[in-house]
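First up is the structure itself, then whatever we jot down about it.
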Amino acid sequence: MAAAFSSSQKRYDVFLSFRGEDTRNNFTAHLLKELRTKGINTFFDEDKLERGRVISPALITAIENSMFSIIVLSENYASSRWCLEEMVKILECNRSKEERVLPIFYNVNPSDVRNHMGKFGEALAKHEENLEENRERVKIWRDALTEVANLSGWDSRNKNEPLLIQEIVGKLLKKLLNTSTSDTEENVVGIESRIQKLRSLLCLQSDDVRTVGICGMGGIGKTTLARAIYSQISNQFEACSFLEIANDFKEQDLTSLVEKLLSQLLEEENLKIKGSTSIKARLHSRKVLLVLDNVNNLTILECLAGNQDWFGQGVELL
């Protein structure tokens, strides 16, 4: 990747590039949900930053600080100069690393993207009309589309969408596992040995409910270690959650925290609950992986994982 990471920078596993009007509220939303369920740290334009013709510094930074980029090429993707510039930046940052860009051809023919036909050809022709004084920029966009279309990716046509999303996330997760020790944790000394020690403590083959704590002063890599083990083992569980607790968390927010936890584990949005007994009622028969990050208050732990009989066999709590 072109830009070097510093330990103080926010880093993402994957950057999502998509045309908002096409897929924000359908395919991309479903993909994002599955990525986050699997603990994959994803940059998603929550605030609809797509404005004007030049991508914002915030998005450039996010692209530079992402290990992978998924480009959802939908019907109107090329009609947005913003999307095209985003794609060019992604290719600049990823060109030096093999298979770091993963294209999804969402209800479009990859050949149309590669050869600038159909809606893609129409959009580029319109850009040439509007940018007559800067046709060189359009040529850069054309070359980028061809480059992306020649990469290995997914064609969504005639595919079962939920199964396709599972396949995409599964492949990305495997790639992340293969690069975790060299890229994601490059600044953490000896993380592989720590991961192995943690795996032995978790006893993954056992049907017991296990609780393991990672303690220490700030900045020593506790969250990085937790994310690494979560990425490696999350596919062995029926439900998973990596729940980050805000530094300014207050006890009166406990109910909303329980709702957030259950929403992640049950993959249902906007859940409303009555008391922590809802956790036991919903999860007592399920094999769950639960990671609570930044727990600095025993009340939080008691509320979210108060009793081992709340969970089914083979549950791991970190």
Side-chain angles (χ1 to χ4, degrees), residues 1-4 12 14-29 31-32 42-157 168:
M1 201 168 292
Y12 300 96
V14 62
F15 179 94
L16 273 182
S17 176
F18 61 97
R19 183 71 163 111
E21 68 180 49
D22 285 350
T23 66
R24 173 182 292 279
N25 297 318
N26 42 69
F27 179 83
T28 299
L31 175 61
L32 175 68
T42 305
F43 182 89
F44 175 78
D45 178 7
E46 302 276 10
D47 300 318
K48 302 183 182 180
L49 295 173
E50 186 177 330
R51 304 184 188 94
R53 300 176 181 178
V54 180
I55 59 176
S56 70
L59 285 188
I60 290 175
T61 299
I63 292 169
E64 291 174 343
N65 290 336
S66 297
M67 292 182 63
F68 290 84
S69 291
I70 291 177
I71 302 177
V72 182
L73 293 148
S74 55
E75 187 177 63
N76 296 300
Y77 188 93
S79 66
S80 167
R81 299 183 196 179
W82 179 287
C83 287
L84 292 169
E85 290 291 353
E86 198 172 82
M87 178 180 58
V88 168
K89 181 62 180 178
I90 286 170
L91 290 172
E92 286 176 0
C93 290
N94 290 276
R95 199 167 278 126
S96 62
K97 291 199 174 184
E98 185 181 358
E99 290 187 294
R100 294 293 169 131
V101 182
L102 304 174
I104 300 170
F105 303 93
Y106 183 71
N107 291 338
V108 298
N109 190 330
S111 180
D112 285 352
V113 181
R114 181 181 301 108
N115 299 311
H116 318 139
M117 304 292 287
K119 289 283 188 178
F120 286 83
E122 292 172 13
L124 290 169
K126 189 170 183 179
H127 289 317
E128 285 184 333
E129 290 178 12
N130 296 332
L131 289 173
E132 192 168 345
E133 74 288 353
N134 193 10
R135 292 200 170 190
E136 183 59 31
R137 199 65 203 164
V138 180
K139 182 181 184 304
I140 291 172
W141 296 340
R142 287 181 178 276
D143 291 344
L145 285 168
T146 299
E147 183 176 347
V148 166
N150 285 329
L151 296 173
S152 177
W154 293 268
D155 183 347
S156 76
R157 294 174 300 166
I168 293 166

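Quick caveat: nothing in here was measured; it's all calculated off a predicted structure.
- Under a 3.5 Å cut-off, the side chain of R81 and the backbone N or O of H127 do not form any donor-acceptor pair.
- To the nearest 0.5 Å, the span separating CG on L73 from CG on N109 amounts to 12.0 Å.
- Considering only residues two or more places apart in sequence or on other chains, R114 meets the salt bridge (Lys or Arg N to Asp or Glu O under 4.0 Å) condition with none of them.
- With sequence neighbours excluded, the residues satisfying side-chain hydrogen bond (donor to acceptor under 3.5 Å, both in side chains) with S156 are N107.
- One N or O on the side chain of S80 and one on the backbone of C83 form a donor-acceptor pair closer than 3.5 Å.
- For the atom pair Y106 OH and L31 CG, the distance stands at 11.0 Å (nearest 0.5 Å).
- Only one option out of I104, I90, V101 pairs with I70 in a side-chain contact (heavy atoms from CB on, under 4.5 Å); it is I104.
- Note that CZ of R135 is 8.5 Å distant from CD of E129, once rounded to the nearest 0.5 Å.
- Atoms CD and CD1, on E147 and I140 in that order, are 12.0 Å from each other to the nearest 0.5 Å.
- Rounding to the nearest 0.5 Å places CD of E75 at 6.5 Å from CG of D22.
- Applying the salt bridge (Lys or Arg N to Asp or Glu O under 4.0 Å) test to K119 and every residue at least two apart in sequence or in another chain returns nothing.
- The side-chain hydrogen bond (donor to acceptor under 3.5 Å, both in side chains) search around D143 returns K139, not counting sequence neighbours.
- From N150, atom CG reaches atom CG of L145 across 11.0 Å, with rounding to the nearest 0.5 Å.
- For the pair R24 and F44, the minimum side-chain heavy-atom distance is below 4.5 Å.
- R157 has its side chain within reach of P110: a pair of non-hydrogen atoms, C-beta onward, lies under 4.5 Å apart.
- Listed here is the closest heavy atom pair of S66 and A62: OG-O, 2.6 Å.
- By the side-chain hydrogen bond (donor to acceptor under 3.5 Å, both in side chains) test, D112 pairs with no residue at all, sequence neighbours left out.
- N115 places no side-chain N or O within 3.5 Å of a backbone atom of M117 that could act as its donor or acceptor partner.
- Within the 4.5 Å cutoff, the side chain of L59 has no heavy atoms near those of the E85 side chain.
- Qualifying ring pair (Phe, Tyr, Trp, His ring centres under 6.0 Å) partners for F105, counting only residues two or more places apart in sequence or in other chains: none.
- Listed by chain and number, the residues in a salt bridge (Lys or Arg N to Asp or Glu O under 4.0 Å) with E122 amount to none (sequence neighbours excluded).
- When the ring pair (Phe, Tyr, Trp, His ring centres under 6.0 Å) test is applied to F120, no partner is found at least two apart in sequence or on another chain.
- With sequence neighbours excluded, no residue forms a salt bridge (Lys or Arg N to Asp or Glu O under 4.0 Å) with K126.
- For H116, the ring pair (Phe, Tyr, Trp, His ring centres under 6.0 Å) criterion is met by no residue, not counting sequence neighbours.
- When side chains are defined from C-beta on, F15 does not count as touching N65, because their heavy atoms never get closer than 4.5 Å.
- Residues satisfying the side-chain hydrogen bond (donor to acceptor under 3.5 Å, both in side chains) criterion with S17, sequence neighbours excluded, are Y77, E86.
- By the side chain to side chain contact (heavy atoms under 4.5 Å, CB included) test, S79 pairs with R19, N76, A123, sequence neighbours left out.
- Ring planes of Y12 and F43: perpendicular class, angle over 60° (limits at 30 and 60°).
- Pairing each heavy atom of T23 with each of S74, the nearest pair is CG2-CB, 4.0 Å.
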